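Notes follow the structure.
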Amino acid sequence: MSTPTDQALFSAAEAIRAKAYAPYSKFKVGAAILADDGTIYSGCNIENAAYPQGNCAETSAIAAMIAGGGKRITRIYVTGPGKAPVTPCGGCRQRIREFANLDVTVISHGIEGEPLTCTLEQLLPHSFGPEFLGK
Ligand code: THU
């Protein structure tokens, strides 16, 4: 069952996914964050001819959130091609961890299939976070 919030997040992720710059992989990804300020921030992947310099959609969405004044991720929705859920990569799981509680819901959706809903803790068990450094 999809809530109005998830429909809004899906729409935002899909709208920005259309703008993704992915000439190398051709795998366009969108991410939409519901932040603690009630705003939806979104981002897409931005690849680079020097491959490691590319950004994931989740990284771009986090950058938009911080630039826009949001501080915490309360829910995040990721969309991409295909049937399999497009789950955040390992690096992005850690980036989300910086700004989200472990019980935050992460929805991963390959738009030809069904969305996968899990918590950040399920995606990144036994994780390291800001509290280890006293933050
Ligand atoms: N990608 C994302 O932006 N987010 C994900 O969750 C998975 C992968 C991007 C990185 C790269 O531009 C392309 O998808 C193929 O890996």
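Note that ligands are numbered from 1 as they come in the structure, with each ligand's atoms numbered from 1 the same way. This one's a predicted model, so the numbers in the text were calculated from it and none came from an experiment. Just so you know, these numbers use all the heavy atoms, side chains as well, and skip hydrogens, waters and symmetry mates.
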*Check each atom of ligand 1 against the heavy atoms of Glu47 and keep those under 4.0 Å away; list them by number with element.*
11 (C), 12 (O), 13 (C)
*Can you tell me the protein heavy atom closest to atom 9 (C) of ligand 1 and the distance?*
Asn45 ND2, 3.5 Å
_How far is atom 4 (N) of ligand 1 from the closest protein heavy atom, and which atom is that?_
Glu58 OE1, 2.9 Å
*Please examine the side chains of Ile73 and Ile62, heavy atoms only from C-beta on, and report whether any two atoms are closer than 4.5 Å.*
yes
*Is there any ring-ring contact (aromatic ring centres under 6.0 Å, His included) pair reaching into residues 115-135, and which pairs are they, with sequence neighbours excluded?*
Phe128-Phe132
*Would you mind listing every side chain to side chain donor-acceptor pair (under 3.5 Å) that reaches into residues 20-36, with sequence neighbours excluded?*
Ser25-Glu47
*Considering only heavy atoms of Phe27, which atoms of ligand 1 have at least one such atom less than 4.0 Å away?*
13 (C), 14 (O)
*Contact check, side chains of Val78 and Val29, non-hydrogen atoms, under 4.5 Å*: yes
*Does Ala57 reach ligand 1 with a nitrogen or oxygen that is under 3.5 Å from one of the ligand's nitrogen or oxygen atoms?*
yes
*Backbone or side chain, does any N or O of Ser25 fall under 3.5 Å from an N or O of ligand 1?*
no
*Taking C-beta and beyond as the side chain, do Leu9 and Leu34 meet within less than 4.5 Å on heavy atoms?*
yes
*Ignoring angles and geometry beyond distance, decide whether Asn55 reaches within less than 3.5 Å of ligand 1 through its nitrogen or oxygen atoms.*
no
*Could you check atom 10 (C) of ligand 1 against the protein and tell me its nearest heavy-atom contact, residue, atom and distance included?*
Cys56 SG, 3.9 Å
*Would a search of protein heavy atoms around atom 12 (O) of ligand 1 find one under 4.0 Å away?*
yes
_Can a side-chain donor-acceptor contact be found between Asn101 and Arg72 if the only test is distance below 3.5 angstrom?_
yes
*Just which atoms of ligand 1 are under 4.0 Å from any heavy atom in Pro88?*
6 (O)
_I'd like to know if Arg97 pairs up with Glu58 as an ion pair, taking the criterion as any Lys NZ or Arg NE/NH1/NH2 lying under 4.0 Å from an Asp or Glu carboxylate oxygen._
no
*Under 30°, 30 to 60°, or over 60°: which ring-plane class applies to His109 and Phe10, parallel, tilted or perpendicular?*
tilted
*Among protein heavy atoms, which lies nearest atom 7 (C) of ligand 1, and at what distance?*
Thr87 O, 4.0 Å
*Should you measure from each heavy atom of Val29, which atoms of ligand 1 turn up under 4.0 Å away?*
1 (N), 2 (C), 3 (O), 4 (N), 9 (C), 14 (O)
